[in-house]
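Inspection log for the structure reproduced underneath, given as structure tokens.
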Amino acid sequence: MKNISVQVSQHDKYQVELKFACPIKSGKRVGDYHIELYFFMPRNLEVGTHNFDTEQFYNDFYENVRFQTPHIDLQNLVSDDNKLLERLKNADSYSEEEYGKLLKMFCSIAKSAMRDGESAVEKDKADAEKYLKNTEKLLLQFRSCRPQKGTSKNLELFDLVDEFLSISANSYRYKLWEFLQLSDDTEALCAQCADVTGKELNYRKQHNYPSMPYKNSDNSELLYRESTLKKAMAGILFLNVETRRAGVFLENLLLAISAAIAMAFATAVSFIWRGLFLEEFSLSFFVVWVIAYMFKDRIKSSLQLYCMNHRNRYSYDFRQKIRDGLGNEIGVCREGFSYCNANELDKEITITRNRHTLSRLENGSFEENVMVFRKKIEIFSDPCRDIFQEFAVDGIVDIMRLNVRHWTYKMDNPNRSIYTSDGKKIHKMKARRDYHVNMVLRYGERNGEDHLERYRLVICRNGIRRLQKFPGTDIALR
């Protein structure tokens with residue numbers, strides 16, 4: 001992986017997911033990346049600083065950071081000279097911790113290879129039969145590595161990995177089967193999918209794995225084990241994030257300056273009064289002092305509010321230390337959220353947003369409310385390379401999800417009735433009431449190219465309907 005990459009998708013009914021892959025540069029001591037995400041909110045959603053502030057944004061925000069899964073092609077993974085499988089056969093030469101690490105890493109690599117292989121088949125279905133054979137071969141080769149005299153902990157972990165790979169293999173086969181159903185002349189391939197998935201289910205049943213689907217069941221056990229095993233196996237790649245507030249010094253400095261300006265005003269009023277009227281203390285001086293203090297208090301509060309509202313333009317809300325499993329610091333991340341005036345946006349952002357006439361009419365004479373999420377990531381290359389020396393780990397993946405449920409509270413009924421006429425009779429039909437939230441994404445590397453992309457979230461009161469990427473908006477800026 002040479003450059004930062006991004007993938008924006010709909011995670012579920014209410015969440016949009018952004019996945020950034022930041023490369024670990026071999027020739028650089030520190031990799032410095034930045035991300036800016038602009039949300040253009042229609043005025044009729046009534047989402048603004050009064051009901052969706054910084055705290056609410058972070059309450060609806062979720063993220064995790066992990067290493068990029070080492071990439072090995074499925075064909076290479078099942079080849080006879082695969083060194084990773086050879087190492088699995090030598091379980092006795094590893095400690096329990098080392099063997100567990102090796103098993104989990106193989107599981108992550110195998111799952112990633114099956115996923116990428118299925119995606120490739122959707123682009124060229126001529127490789128579908130080869131893909132199904134390779135997944136069968138992969139599972140057989142892995143199962144042949146089961147230790148014969150290993151510790152009970154190693155044997156138990158091997159069986160859990162075996163169960164999860166079985167679940168994953170079938171899930172990608174089902175996905176392939178659904179794709180093949182949309183094409184003609186694929187009956188033989190669909191039958192082959194049914195055959196291999198059926199054999200895999202029989203294998204799980206014979207080995208008493210609890211992750212069996214049943215027609216007359218809620219199958220919660222299957223989903224629970226799949227989710228738990230997925231987290232457990234991927235845990236070897238996940239990183240710890242230590243979060244604390246950022247910009248505390250700047251915040252206190254701005255508050256102190258605001259208080260100093262207010263106090264200077266009150267003191268100036270008192271000196272001017274005494275200088276003009278030469279009264280040490282009197283009722284009039286007392287009244288003037290109270291009034292000056294009132295204005296001083298309001299000036300202080302107003303200045304502090306102004307400073308805090310504009311602080312995020314120059315600082316971040318949180319600073320996060322990224323650490324590996326041993327506690328070693330391998331990177332630093334800073335995050336900030338704020339609102340900004342649409343008229344003050346950079347020209348490139350405004351052009352990418354590309355507001356048309358209907359959008360302007362929708363918001364009247366007002367601009368859209370613009371929310372900005374900023375992120376800066378620094379990756380320390382040397383500590384990262386020392387963690388997995390035997391694997392080609394070449395990047396860090398930052399996965400962020402934003403829940404948009406709070407954006408739907410002021411929306412109209414999602415279903416409405418409309419009418420049409422054929423000249424002889426009027427017909428009643430259903431229509432959906434949607435709202436459009438445009439997003440502009442800018443990302444890049446320090447002293448490198450910036451990329452701009454535009455997306456649109458189509459939302460109704462029941463959640464996200466679809467996510468659209470506008471073609472031709474992936475613009476590189478120097």
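This one's a predicted model, so the numbers in the text were calculated from it and none came from an experiment. Each residue takes its place number in the sequence, starting with 1.
For Asp398 and Lys375, the salt-bridge test passes: some basic side-chain N is under 4.0 Å from an acidic carboxylate O. The residues Glu163 and Arg225 are annotated as salt-bridged, a charged nitrogen and a carboxylate oxygen being separated by less than 4.0 angstrom. Electrostatic pairing of Asp412 and Arg461 does not count as a salt bridge here, judged by no charged N lying under 4.0 Å from a carboxylate O. The pair Glu122-Lys175 meets the salt-bridge criterion, since a charged nitrogen lies less than 4.0 angstrom from a carboxylate oxygen. For Arg334 and Asp317, the salt-bridge test fails: no basic side-chain N is under 4.0 Å from an acidic carboxylate O. In summary, Arg204 and Glu200 do not engage in a salt bridge, as defined by a charged side-chain N under 4.0 Å from a carboxylate O. With respect to Arg146 and Asp162, no salt bridge is recorded, no charged nitrogen being found less than 4.0 Å from a carboxylate O. Ion pairing of Lys410 with Glu46 is present here, as a side-chain N (NZ or NE/NH1/NH2) and a carboxylate O approach within less than 4.0 Å.
Across every non-hydrogen atom of Ser108 and Thr69, the tightest pair is O-CG2, 3.6 Å.
In this pair, Phe158 and Phe142 present their aromatic rings parallel. The plane angle is below 30°, not in the 30 to 60° band. The aromatic rings of His451 and Tyr443 sit parallel, their planes meeting at an angle under 30°, below the 60° perpendicular limit. Ring geometry for Phe337 versus Phe52: interplanar angle over 60°, hence perpendicular rather than tilted (30 to 60°).
Side-chain contact, Glu96 with Asn154: no donor N or O sits under 3.5 Å from an acceptor N or O. For the residue pair Arg353 and Tyr38, no side-chain donor N or O sits within less than 3.5 Å of a side-chain acceptor on the partner. Between the side chains of Tyr99 and Lys153, no donor-acceptor pair of N or O atoms lies under 3.5 Å.
Between the side chain of Tyr172 and the backbone N or O of Asp116 there is no donor-acceptor pair closer than 3.5 Å.
Heavy atoms of other residues, nucleotides or ligands lying less than 6.0 angstrom from NZ of Lys137 number more than 12.
A cation-pi arrangement is present between Arg454 and Phe470, with the terminal nitrogen or guanidinium carbon under 6.0 Å from the aromatic centre and inside a 45° cone about the axis.
Atom CD of Gln320 is separated from atom CG of Leu239 by 12.0 Å, given to the nearest 0.5 angstrom.
For Tyr209 and Phe164, the ring centers sit 6.0 Å or farther from each other.
The residue from Phe39, Phe61, Tyr339 that alone fulfils the ring-ring contact (aromatic ring centres under 6.0 Å, His included) condition with Phe373 is Phe61.
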